[in-house]
Amino acid sequence: MKYVLLTLISAMLLSVSWPTYGVPFFIFFALVPLLMMEHGISKFSGYKRKSWAVFGLSYLCFVIWNVVTTGWLYGSKNPDGSHSLMAVLFPVLVNSLLYALMFQCYHWYKNAQGTYWGLGFLIAIWMSFEKFHMSWELTWPWLNLGNVFSDYPKLIQWYDTLGATGGSFWILLTNVFIFYTLRTWEAGRKRKELIKNSSVIATLITVPMIISIIKYNNFNEKPSGQVNVLLLQPDLDPYAEKYSKDSLTIEQDLLSLAEKNSTTKIDYYIAPETALPGRGSISETGFEKSLLLNNLKDFLSKHPGSVFATGISSHRLYFDQASLPKEAYQVNNGVWVSSYNTAVQLAPDQKVQVYHKGKLVPGVEIFPYMSVLKPVLGDAMLNLGGTVASLGIDKERIAFSNPYNKGKLAPIICYESIYGEFVTDYVKKGANFLGIMTNDSWWGVTEGHKQLLSYAKLRAIETRREIARAANSGISAHINAKGEIEADTFYGDQTALFAKINLYDTMTFYTRAGDLLSRFSIFALGFLLFYFLIEKFRNRTKKI
């Protein structure tokens, strides 16, 4: 019972730390009860199958954490209007399993190499797992530990140097050292040692925060320019209106919203992810002849010096099977199509600038590892509101240049805004402000859209770029380069938000170096595993 209680305490601490309703300071010792559970079972319990006990209890902890923090996924709906149980069950159960397997590896390594080597292994494997979880097709970095302080930007200004992955390292190191302090106290009851270790813990927690506050108060980056941006929030129901309304009506409503709020000179109109066309998609080979896109250009001709950036659904047809991209699927005899979640920027007498979303939502925009999972799951991914096909992607980020001013927009599409190093690639391409086009309406009035907005603040700090965020139903927002929300909208309003966006050209250390600590951790993990194998080989040789 003691071990179950320790597990539940860790689950509770992890859960109540999370944005946008939690208190993040609990995260500094949230893993300690879980580590105590593992140590107690390994060293003192009479269980015959200790590894199974550790695995089962750690899995329970991570399931509770996932349910509490991402249970809003249940807000996703099936085509018949019912809530999608698969949309929450699959991510929660699989993600929790991955965390439990990672913790199980720590358990095995610690028992083989000892507590102190094991604790180093835990930091290395957790950091490596978070990096891996941002890279594969089942990617889901929503619960990366460094995200936890996203609602407290004043305390994490140093993320411009080490990023949110640096935050994960900070949190893991603190948890491990607190556990180490408890173990040394239990072993020796030495007050002097306790005081010294407690001082180290206090330093670990407070020094990065103090550095952050100093950086916050002394932030004096000089902008290279400023642009006026109007963020459009059409509040189009993604389950009903989007697929029942005529595309021209949807566009006209969007342009009426833009016209009504154009009370001053606008440099950028920014609309949300897949704001057009409604049902269906726009052919990329016919962009210049598209009625919908030309209507936007006609609108811009009445607003000289303005550009229009928006999310659209697009497609490209193929008639030669030999040149098909891997995501293309057949629609008729001799005809294949690739579909895209796309951002475009339009200006009169200018070629349409195009970017295809590069980070796809598993189960919704991509069927992960289709050749392996489809025989097992069948069409289960349909229950996530997605497709058994996958969208195409752009392998490189781009920045939309502006023919009228210095603005260079990073066309970040929804889910992409969770990925720190990924977003820096836009900046390396010249982007001097970040434009997030998103549709957070799939989950209704839940924590989902709030958490995604909160994570955007991390990207502002990491890159020192201001953010113009246009969301279909909200929350649309202007976020400054210190990660603070300057202005935002109410969720569920049909409205527009005007923002004066500062342009910045300097590149942060994080933009240049990316997830440096993650790469060091992968190297450390490899070293620890190699050292373990060498030691095992040497011991076996001695016995011979």
Side-chain angles (χ1 to χ4, degrees), residues 221-235 250-273 275-276 292-312 343-355 398-412 426-427 430-438 456 460 464-472 474-481 484-490 493-505:
E221 285 288 332
K222 303 300 180 190
S224 60
Q226 190 178 73
V227 290
N228 292 340
V229 177
L230 190 67
L231 302 168
L232 304 176
Q233 183 173 305
D235 191 34
I250 290 173
E251 182 180 52
Q252 187 54 51
D253 290 344
L254 189 68
L255 293 179
S256 296
L257 188 64
E259 184 66 52
K260 185 171 64 174
N261 289 277
S262 297
T263 55
T264 186
K265 169 70 168 64
I266 302 296
D267 296 305
Y268 283 89
Y269 293 92
I270 301 181
E273 174 187 22
L276 297 172
L292 290 170
L293 299 188
N294 282 323
N295 285 343
L296 295 180
K297 289 186 176 182
D298 289 342
F299 170 83
L300 292 172
S301 67
K302 302 170 188 175
H303 299 271
S306 301
V307 299
F308 203 112
T310 183
I312 66 169
V344 295
Q345 181 178 285
L346 301 104
D349 304 318
Q350 298 280 330
K351 187 176 180 181
V352 178
Q353 297 185 58
V354 184
Y355 168 70
I398 66 170
F400 289 161
S401 58
N402 193 310
Y404 308 117
N405 54 53
K406 295 181 179 179
K408 290 186 178 180
L409 168 69
I412 301 167
Y426 289 104
V427 177
N432 50 24
F433 78 104
L434 309 181
I436 297 178
M437 306 172 197
T438 185
R464 293 302 183 193
R465 294 294 187 270
E466 295 206 352
I467 294 177
R469 185 180 196 268
N472 173 43
I475 301 170
S476 301
H478 169 202
I479 302 173
N480 68 25
E484 299 170 311
I485 294 179
E486 295 277 351
D488 59 2
T489 63
F490 288 109
D493 280 358
Q494 185 180 84
T495 187
L497 179 67
F498 175 78
K500 286 185 174 291
I501 301 290
N502 289 317
L503 308 177
Y504 293 100
D505 293 322

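Values below: all heavy atoms of this structure, side chains included; hydrogens, waters and symmetry mates excluded.
- Shown here are the side-chain hydrogen bond (donor to acceptor under 3.5 Å, both in side chains) partners of N432, two or more places apart in sequence or in another chain: there are none.
- Summarising the geometry of Q345 relative to S401, their closest heavy-atom pair is NE2-O, 2.8 Å, with the distance given to 0.1 Å.
- Here the closest non-hydrogen pair linking A460 and N480 is CB-O, 3.4 Å.
- Y404 meets the side chain to side chain contact (heavy atoms under 4.5 Å, CB included) test with V307, A347, P348, N402; sequence neighbours excluded.
- Atoms CD and CD1, from E273 and I312 in turn, are 12.0 Å apart once rounded to the nearest 0.5 Å.
- Taking the ring-ring contact (aromatic ring centres under 6.0 Å, His included) definition, one finds that Y355 meets it with Y426, sequence neighbours left out.
- Judged as a side chain to side chain contact (heavy atoms under 4.5 Å, CB included), and not counting sequence neighbours, the contacts of N502 are P223, Q226, E466, Y504.
- Under the side chain to side chain contact (heavy atoms under 4.5 Å, CB included) criterion, T489 pairs with Q233, I475, S476, T495, L497, sequence neighbours left out.
- Partners of D505 under the side-chain hydrogen bond (donor to acceptor under 3.5 Å, both in side chains) rule, at least two apart in sequence or in another chain, are S224.
- Contact of the L276 side chain with the L296 side chain is registered, since non-hydrogen atoms from C-beta on lie closer than 4.5 Å.
- Minimum interatomic distance between R464 and A481 (heavy atoms only, all atoms of both residues): NH1-O, 3.0 Å.
- Residues meeting the salt bridge (charged side-chain N to carboxylate O under 4.0 Å, His left out) test with R469, sequence neighbours left out: D440.
- Rounding to the nearest 0.5 angstrom, the gap separating the CD1 atom in I467 from the CG atom in L434 is 5.0 Å.
- K297 meets the side-chain hydrogen bond (donor to acceptor under 3.5 Å, both in side chains) test with E288; sequence neighbours excluded.
- Taking I266 as the reference, L230, S262, T264, Y269, S306, F498 meet the side chain to side chain contact (heavy atoms under 4.5 Å, CB included) condition, with sequence neighbours excluded.
- By the salt bridge (charged side-chain N to carboxylate O under 4.0 Å, His left out) test, E251 is found to be paired with no residue, residues two or more places apart in sequence or in another chain being considered.
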| field | Audit row: H478, I501, side-chain contact (heavy atoms from CB on, under 4.5 Å) steps and yes/no | value | CA-CA 8 Å; H478 169 202; I501 301 290; 3.2 Å; yes

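- Note: N294 CG to L300 CG = 11.0 Å, rounded to the nearest 0.5 Å.
- In this structure, the ring of Y268 has its center less than 6.0 angstrom from the ring center of F433.
- Between M437 and G311, the closest heavy-atom pair is SD-N, 3.7 Å.
- Taking each heavy atom of A477 and L231 in turn, the nearest pair found is O-CD1, 3.5 Å.
- With hydrogens and angles disregarded, a donor-acceptor distance shorter than 3.5 Å links the side chain of R465 to the backbone of A431.
- Going from atom CG of L254 over to atom CZ of F299 covers 8.5 Å, rounded to the nearest 0.5 Å.
- Legend: residues meeting side-chain hydrogen bond (donor to acceptor under 3.5 Å, both in side chains) with Q350, ordered by chain and number and at least two apart, are absent.
- From L232, atom CG reaches atom CD1 of I270 across 8.5 Å, with rounding to the nearest 0.5 Å.
- Here CG of L346 is found 9.0 Å from CD of Q353. Values are rounded to the nearest 0.5 Å.
- Under the salt bridge (charged side-chain N to carboxylate O under 4.0 Å, His left out) criterion, the residue pairs touching residues 260-272 are K265-D267, with sequence neighbours excluded.
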